[in-house]
Amino acid sequence: MPAPLGTRIVAARFGDERAKTIAGYEATGGYSTLKKALAMRPADITNEVKTSNLRGRGGAGFSTGVKWGFVPAGSKTVHLVCNADESEPGTCKDRELIYWDPHLLIEGMIVSAHALGAIHNYIYIRGEMMREVVVLQKAVDEAYQKGYLGKNILGTGVECQLTVHRGAGAYICGEETALLNSLEGERGQPRLKPPFPAVKGLFGNPTIVNNVETLMNVPAIIDKGGKWFNDLGMGRSGGTRMLCVSGHVEKPGVFELPMGITFNEIINDVCGGVWKGRKVKAVIPGGVSMPPLDAGELDVPCEFDALQTDERIKPVMVREGQQFDLGGGRALRTMAGSGGVVVMDDTTDIPKAVWRIMKFFAHESCGQCTPCREGTGWLEKVSRRVADGTGKPDDIDLLASISHGIAGNTICALGDAAAWPMLGFLTKFRADFEAKLRKRAA
Amino acid sequence: MSLEFSADAQKKIAALCERYAVPGGQGKQPVVMAALHLAQKEHGHLSDDALKLVAKTLALPYAHVYGVATFYTMYRREPAGKTTIRMCTNISCMLRRGYEVLEAFEKTLGIKRGKSTADGQFHLVEEECIAACANAPCAVVGTEYYLDITPDKVPQIIEELRKKPHPESEVV
Ligand SMILES: Cc1cc2nc3c(=O)[nH]c(=O)nc-3n(C[C@H](O)[C@H](O)[C@H](O)COP(=O)(O)O)c2cc1C
Ligand code: SF4
Ligand code: FES
């Protein structure tokens, strides 16, 4: 049965001060799944996760069980790394999850590490999350003291080491191969893929990188079964979703919501509607890397596949008559991304908002690939002059052609992350850009 | 002038060197980020001498340490005010008057973004998204978050921070 509104798996302890200590976490059922999992065969844990249809909550929505299965059989040294770098604008769930329930993340990591046979494991936490660094380190220390971490967990002979690694300010370190470089003490620049981390990752060993929310779902899956989790979801996406709703709604917030909830329901039923009695103009569905939805596209559910394929969402265009090609003629609509839902009302200056997004990407490009380094700089510069009313007549076409030149031509997905929303906004809000240019001409 | 780490920092670095499963047991390079955080805490900013100290402590080439220190935005090569105010102006914050709040910080402190006050108390940074978007506009100051800020609340925030500063070094 699909999860009803109010179902809480990862956010169950939000607002519950008890979870701040290990004793309180245990008193609310914590670390009981760990005992069950340590008695299971690792392959059985992975199978349960496959059955659950848990999909990565970090951005790409890839099947977690399938990814775990990519670790070559018989690998001697494997690592599990939790991606807690959360810095995608509009996204603020991982930080809340760590703050309210750090031990659920640790438990999820121990269970997952057992499935992978991973002994030396790491949490890469964003440098600016100073409060959460303190919370997490305290929780890890407690878990060591209690024997949930260490050489011989609860006398089972299983070893699990967990180290908190603090970043120092760089959005790109959320990209998994940049993250691994940063963890190795290098500059945080992405690596060429393949090889993928599951085959050759941290220190050259097979490595699984998973998002905070992804790993926090694992204990419930092992506790109640993969089928239970899958049934809560929708289509090929199991479980619930953490969504961070920000911008022009009456009651913004971080919510655990059913997979099948639509954007109209999120805005109106969960968040009290658009603020000041206004109407919605645009919604970014999953962090600023994702193309926007317009007011007519909000009856689509927040589920991973729906956002990619639902034909009620108009495809992103390169220019009139030319659809953006994701490969093999596949249309780009949008994606679920990292759960950052940004609502813009009908008074929003869209070109200005787009400029702020492009400023971000230009600032965060690591500079390795020319199309991304130069292209994001140009997107920022041109979108700025359009926004401030000093644009040139050809600027809309220029923005589109720069974006098209970046997309698909870079080492990592940051290039696409800048190009896709730029094209998406031009596709759906072209009139707003044209109005700015007309004002200039007049 | 050659710099040193305090005994406490040396202990922390030595303990961290045991934590990374680098093949061959040479676990020192991954500790460079933590060592830079510690050097910044103890010496205020990452001068050439501070970078040399990190290089020497971890037996890494100076060029490597320099490369890392200049890649990440939280590492400072120049001195700055004691308490860093990181004010987000990214999309969710901008949509709810984030730039006006940043300007209120500038006005109250009498400095531009990116600068420090003459008394060495404050350092103001225009920050990218700090993962508190549902409470936009917001700022993070050490372990303290300031949420749902309006421009008129800014003077009071500065007053509070004068009484109880939150230097980022308290985390390291
Ligand atoms: C530029 C860029 C930034 C990213 N930032 C994050 C991030 O902050 N947190 C995260 O979990 N994933 C982030 N990702 C996705 C990761 O590369 C990776 O896919 C994810 O951590 C895998 O975990 P999952 O399968 O559990 O989602 C980012 C990707 C890119 C291209
Ligand atoms: S796409 Fe951009 S961020 Fe990614 S590796 Fe290339 S230059 Fe760096
Ligand atoms: S956009 Fe300001 S905290 Fe996310």
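By convention in this document, chain letters (A, B, ...) are assigned in the order of the sequence lines, proteins followed by strands, and residues within each chain are numbered from 1. Side-chain atoms are counted along with the backbone in the values below, which use heavy atoms only and exclude waters and symmetry mates. Worth saying up front: this structure is predicted, and the values here are computed from it rather than measured.
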Original post:
Which bit of B:A136 is near chain A, if near means a heavy-atom gap under 4.5 Å: side chain, backbone, both or neither?
Top reply: neither
**OP:** Taking atom types as modelled, find out whether B:R19 and A:T163 have a side-chain donor-acceptor pair closer than 3.5 angstrom.
**Re:** yes
Subject >> Sub-4.5 Å side-chain heavy-atom contact between A:C244 and B:C133 >> reply: no
**OP:** Please tell me if the side chains of B:I130 and A:M129 come closer than 4.5 Å, counting only heavy atoms from C-beta onward.
**Re:** no
Original post:
In terms of heavy-atom proximity below 4.5 Å to chain B, should A:Y171 be classed as side chain, backbone, both, or neither?
Top reply: neither
**OP:** Indicate yes or no: at least one non-hydrogen side-chain atom of B:P30 is less than 4.5 angstrom from one of A:Y122.
**Re:** no
Original post:
Is it the side chain or the backbone of A:Q137 that comes within 4.5 Å of chain B heavy atoms, both, or neither?
Top reply: neither
Original post:
With a 4.5 angstrom heavy-atom cut-off, which part of B:E126 approaches chain A: side chain, backbone, both or neither?
Top reply: side chain
Subject >> Non-hydrogen side-chain atoms of B:C129 and A:E86 separated by less than 4.5 Å >> reply: no
Subject >> Structural part of B:H166 lying under 4.5 Å from a heavy atom of chain A >> reply: neither
Subject >> Residue, of B:L60, B:N135, B:L16, B:T89, that accumulates the most heavy atom pairs under 4.5 Å with chain A >> reply: B:T89
Original post:
Of the backbone (N, CA, C, O) and the side chain (C-beta and beyond), which part of A:V288 lies under 4.5 Å from a heavy atom of chain B, both, or neither?
Top reply: side chain
Original post:
With side chains defined as the heavy atoms from C-beta onward, is the minimum distance between B:M74 and A:R166 less than 4.5 Å?
Top reply: yes
Subject >> Region of B:E170 that comes under 4.5 Å of a non-hydrogen atom in chain A >> reply: neither
Original post:
Roughly how far, to the nearest 0.5 Å, is the CE atom of B:M33 from the SG atom of A:C173?
Top reply: 6.0 Å
Subject >> Heavy-atom contact with chain B under 4.5 Å, split by part of A:K251 >> reply: neither
Subject >> Portion of A:L162 that has a non-hydrogen atom of chain B nearer than 4.5 angstrom >> reply: backbone
Subject >> Per-residue contact mode, B:A34 against chain A (heavy atom under 4.5 angstrom) >> reply: neither
Original post:
Tell me, do B:R96 and A:W275 make a side-chain contact under 4.5 Å, heavy atoms counted?
Top reply: yes
Original post:
With a 4.5 angstrom heavy-atom cut-off, which part of A:V343 approaches chain B: side chain, backbone, both or neither?
Top reply: backbone
Original post:
Is A:E128 close to B:T73 at the side-chain level, that is, under 4.5 Å between some pair of heavy atoms?
Top reply: yes
Subject >> Residue among B:A132, B:G142, B:A35, B:A134 with most heavy-atom pairs under 4.5 Å to chain A >> reply: B:A134
**OP:** Side-chain contact test, heavy atoms from C-beta onward, threshold under 4.5 Å: evaluate it for B:E144 versus A:R131 and give yes or no.
**Re:** no
Subject >> B:Y20 and A:H120 side chains, donor-acceptor separation under 3.5 Å >> reply: no
Subject >> Distance in Å, B:L95 CG paired with A:T348 OG1, rounded so as to fall on 0.5 Å steps >> reply: 6.0 Å
Subject >> Most contacts with chain A, counted as non-hydrogen pairs under 4.5 angstrom, among B:V68, B:T70, B:V172, B:V32 >> reply: B:V68
Original post:
For A:V249, is it the side chain, the backbone, both or neither that has a heavy atom under 4.5 Å from a heavy atom of chain B?
Top reply: backbone
Original post:
A:S182 versus chain B, heavy atoms under 4.5 Å apart: side chain, backbone, both or neither?
Top reply: both
Original post:
Within the distance-only criterion (no hydrogens, no angle test), does the side chain of B:H37 pair as donor or acceptor with the backbone N or O of A:A168 below 3.5 angstrom?
Top reply: no
Original post:
Which answer fits A:H165, side chain, backbone, both or neither, if we ask what part of it has an atom under 4.5 Å from a heavy atom of chain B?
Top reply: both
**OP:** Return yes if some donor-acceptor pair links the side-chain N/O of A:R95 with the main-chain N/O of B:A131 below 3.5 Å, else return no.
**Re:** yes
